[in-house]
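So the structure is just underneath, and the comments pick up after that.
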Amino acid sequence: MKPTQRAGLDRRGFLAAGAAALGSTFWSPEDLEAATQNVNTNSRPSQLKITDMRVAMISRGGPRGIPVIRLDTNQGIYGLGEVRDGASKTYALMLKSRLLGENPCNVDKLFRKIKQFGFHARQAGGVCAVEMALWDLAGKAYNVPAYQLLGGKFRDRIRIYCDTQESHDPKVYAERMKKRVEQGFTWLKMDLGIDLIENIPGTLTRPLGQTLKDVTQTQHMFTGIEITDKGIALMADYVAQIREIIGMEVPLAADHFGHIGVNSCIRLGRALEKYNMAWLEDMIPWQYTELLKKITDSIDVPTLTGEDIYLKEPFRVLCENHAVDIIHPDLASSGGLLETKKIGDMAQEYGVPMAMHFAGTPVSFFANIHCAAATENFLCLEHHSVDVPWWDDLVDGVEKPIVQKGFVKVPEGPGLGIRLNDEACKKHLTEGGYFEPTPEWDNERSWDRLWSFAPVSKPARG
């Protein structure tokens with residue numbers, strides 16, 4: 001008899017024995033069937049062990065692949081996770097030896113074990129991918145959706161805002177966003193960078209001969225770039241023309257502006273106030289709490305940051321100081337489902353709402369969906385692949401199309417509620433094979449303890 005079959009019989013036998021002890025009238029055959037029909041007989045959670053980690057590089061709609069990980073177990077069920085776009089699969093694979101033999105249902109314990117290997121921005125990708133996969137496994141083991149393990153849901157469907165192809169012609173861009181509204185989207189975001197005015201004389205003050213490409217690795221305050229009155233007027237007029245076409249009713253957020261100084265951020269923000277923007281995103285790097293607060297306090301437009309921040313504590317600093325009006329974690333780099341819910345719950349205590357950044361495959365997308373469902377102060381979730389025709393095909397188990405009139409239904413299946421469509425995924429691999437073995441990572445070892453300890457005394461030699 002297979003172990004998975006034995007697990008199912010043991011549970012049914014236990015209930016049957018209980019019925020006999022209590023009397024035949026207590027458990028009818030119908031009652032017994034009802035009590036056991038939701039038990040996952042492929043899994044005995046207390047004895048579940050991680051046996052392997054494998055990776056497939058899958059496209060989300062471009063030439064660059066995203067590492068999707070699979071944690072296999074001794075009971076035949078597996079969990080899916082995803083390393084954030086732009087991060088190395090090595091960030092996840094280096095954690096494999098620290099997970100083998102562990103029970104994946106101990107999600108918080110394992111997260112605390114590996115979270116030291118994450119850091120801000122993409123360096124958190126491996127930890128977050130593992131955390132997603134653990135919740136997927138725990139949900140499958142207990143046959144409940146991930147949101148239920150996070151405490152239940154506040155909403156049955158999740159509001160989506162999406163990327164829209166940019167144009168330097170505001171009328172062209174506005175028509176594209178108007179089509180988004182016609183598709184059912186109820187929240188919009190635009191690109192509004194200083195690249196719009198870079199080649200127009202008299203719009204930017206900067207060191208002569210310097211281009212925007214020269215400063216992509218320089219933090220905003222150290223570039224010497226400031227926007228002139230002419231540049232600010234042109235950028236404000238660009239937004240005005242878009243608002244004229246899409247109207248004032250739909251929320252309209254603006255993405256990263258470029259590497260400009262704090263004073264330019266304030267002057268531009270004030271010029272955009274009349275267009276009632278939903279938020280201005282990442283005006284300067286998130287680490288500069290006092291400068292962010294200076295911008296936020298100086299303009300009457302919501303400010304937002306957070307997609308590069310790892311773990312709850314830095315978000316708390318921003319919220320305590322009201323340095324921004326809205327936080328914007330990316331679950332694939334903020335710490336995963338539970339940590340992101342904790343971030344949202346903490347922000348709520350300070351009256352700060354949470355939007356969520358996302359760019360990836362449906363694996364990470366549905367991890368975000370479960371977290372958004374379970375977090376009360378959630379606003380909307382980003383989606384960068386709305387126009388990729390085959391993106392929905394990568395997974396099964398959920399309603400199609402996945403996005404319907406700007407919303408996604410929260411899945412009720414166990415774990416993340418999805419299954420990979422193997423054939424579709426294989427068509428969009430960007431490198432390597434499909435979840436090939438990774439034995440070279442089985443014995444990666446180092447001393448991981450974060451604190452000193454008293455060594456065990458050795459017996460004295462005679």
I need the [X] [atom1] to [Y] [atom2] distance, nearest 0.5 Å.
X      : Y      : atom1 : atom2 : result
Ile77  : Thr73  : CD1   : OG1   : 4.5 Å
Gln183 : Ile160 : CD    : CD1   : 13.0 Å
Leu331 : Met356 : CG    : CE    : 5.0 Å
Gln287 : Leu292 : CD    : CG    : 9.0 Å
Tyr275 : Glu244 : OH    : CD    : 10.5 Å
Lys426 : Leu394 : NZ    : CG    : 13.5 Å

Hey, are the side chains of [X] and [Y] touching, using non-hydrogen atoms and a 4.5 Å cut-off?
X      : Y      : result
Leu212 : His259 : no
Pro329 : Met354 : yes
Leu337 : His370 : yes
Leu71  : Asp52  : no

- request: Under the side-chain contact (heavy atoms from CB on, under 4.5 Å) rule, what do Val403 and Phe185 come out as? Steps first, then yes or no, please.
  value: CA-CA 9 Å; Val403 180; Phe185 289 95; 3.9 Å; yes

Is it the case that atom [atom1] in [X] sees more than 12 heavy atoms from other parts of the structure closer than 6.0 Å?
X      : atom1 : value
Lys49  : NZ    : yes
Lys400 : NZ    : yes
Glu440 : CD    : yes
Arg176 : CZ    : yes

Nearest non-hydrogen partners of [X] and [Y], listed with the distance:
X      : Y      : value
Arg159 : Phe378 : O-CZ, 3.9 Å
Ala236 : Leu272 : CA-CD2, 4.0 Å
Ile260 : Ile284 : O-CG2, 4.4 Å
Ala92  : Ile69  : CB-CG2, 3.9 Å
Ala174 : Ile242 : CB-CA, 3.8 Å
Gly118 : Val127 : N-CG2, 3.7 Å

- prompt: Is the distance between the ring centroids of His328 and Trp279 less than 6.0 Å?
  reply: yes

Scan the side chains in residues 411-424 for donor-acceptor partners under 3.5 Å anywhere in the protein, sequence neighbours excluded, and list what turns up.
| residue | atom | partner | partner atom | Å |
| --- | --- | --- | --- | --- |
| Glu412 | OE1 | Tyr147 | OH | 2.7 |
| Glu412 | OE2 | Tyr147 | OH | 3.2 |
| Glu412 | OE2 | Lys153 | NZ | 2.7 |
| Asn421 | OD1 | Glu423 | N | 3.3 |
| Asn421 | OD1 | Ala424 | N | 3.1 |
| Asn421 | ND2 | Asp393 | O | 3.4 |
| Asp422 | OD1 | Tyr434 | OH | 2.7 |

Quick one about [Y] and [X] (side-chain donor to acceptor, distance below 3.5 Å, no hydrogens or angles considered), yes or no?
X      : Y      : result
Lys409 : Gln404 : no
Thr340 : Ser334 : yes
Glu376 : Gln348 : yes
Ser59  : Thr430 : no
Tyr288 : Gln219 : yes

Sequence-distant partners of [X], salt bridge (Lys or Arg N to Asp or Glu O under 4.0 Å), two or more places apart:
X      : value
Asp442 : Lys96
Asp325 : none
Asp191 : none
Glu182 : none

task: Check the pair Ile66, Met57 against side-chain contact (heavy atoms from CB on, under 4.5 Å), reporting the backbone distance first and the verdict last.
output: CA-CA 5 Å; Ile66 296 178; Met57 299 296 293; over 6 Å; no

query: Step by step, would you call Glu131 with Lys115 a salt bridge (charged side-chain N to carboxylate O under 4.0 Å, His left out)?
result: CA-CA 9 Å; Glu131 203 264 8; Lys115 74 175 183 177; over 6 Å; no

For [Y], is there any backbone N or O sitting under 3.5 Å from a side-chain donor or acceptor partner on [X]?
X      : Y      : result
Asn368 : Ser364 : yes
Lys189 : Cys162 : no
Asp214 : Thr211 : yes
Thr361 : Val363 : yes

message: Show every salt bridge (charged side-chain N to carboxylate O under 4.0 Å, His left out) that has at least one partner inside residues 342-359, sequence neighbours left out.
response: Lys341-Asp345

- prompt: Can you list every salt bridge (charged side-chain N to carboxylate O under 4.0 Å, His left out) pair that touches residues 64-88, not counting sequence neighbours?
  reply: Arg60-Asp85, Arg64-Asp85, Arg70-Asp72, Arg84-Glu307, Arg84-Asp308, Arg84-Asp330

- prompt: Below 4.0 angstrom, N of the basic side chain to O of the carboxylate: do Glu436 and Arg54 qualify?
  reply: no

Arg180/Asp387 salt bridge by N-O under 4.0 Å criterion: yes

- prompt: Which residue pairs satisfy the ring-ring contact (aromatic ring centres under 6.0 Å, His included) criterion with at least one member in residues 391-412, sequence neighbours excluded?
  reply: Phe365-Trp391, His383-Trp391

- prompt: According to the ring-ring contact (aromatic ring centres under 6.0 Å, His included) rule, which pairs have a member within residues 75-132, sequence neighbours left out?
  reply: His120-Trp286

With a cut-off of 3.5 Å and sequence neighbours excluded, list every side-chain donor-acceptor pair involving residues 245-258.
| residue | atom | partner | partner atom | Å |
| --- | --- | --- | --- | --- |
| His256 | ND1 | Gly258 | N | 3.2 |
| His256 | NE2 | His220 | NE2 | 2.9 |

task: Could you pull out all residues at least two apart from Lys109 that satisfy side chain to side chain contact (heavy atoms under 4.5 Å, CB included)?
output: Glu102, Asn106

- request: Check the pair Val55, Val68 against side-chain contact (heavy atoms from CB on, under 4.5 Å), reporting the backbone distance first and the verdict last.
  value: CA-CA 6 Å; Val55 180; Val68 173; over 6 Å; no

- request: Please list, chain by chain and in numerical order, all residues satisfying ring pair (Phe, Tyr, Trp, His ring centres under 6.0 Å) with Trp441, sequence neighbours excluded.
  value: none

message: side-chain contact (heavy atoms from CB on, under 4.5 Å), that's the test. Do Cys105 and Leu48 meet it? Break it down for me.
response: CA-CA 8 Å; Cys105 296; Leu48 196 61; 4.1 Å; yes

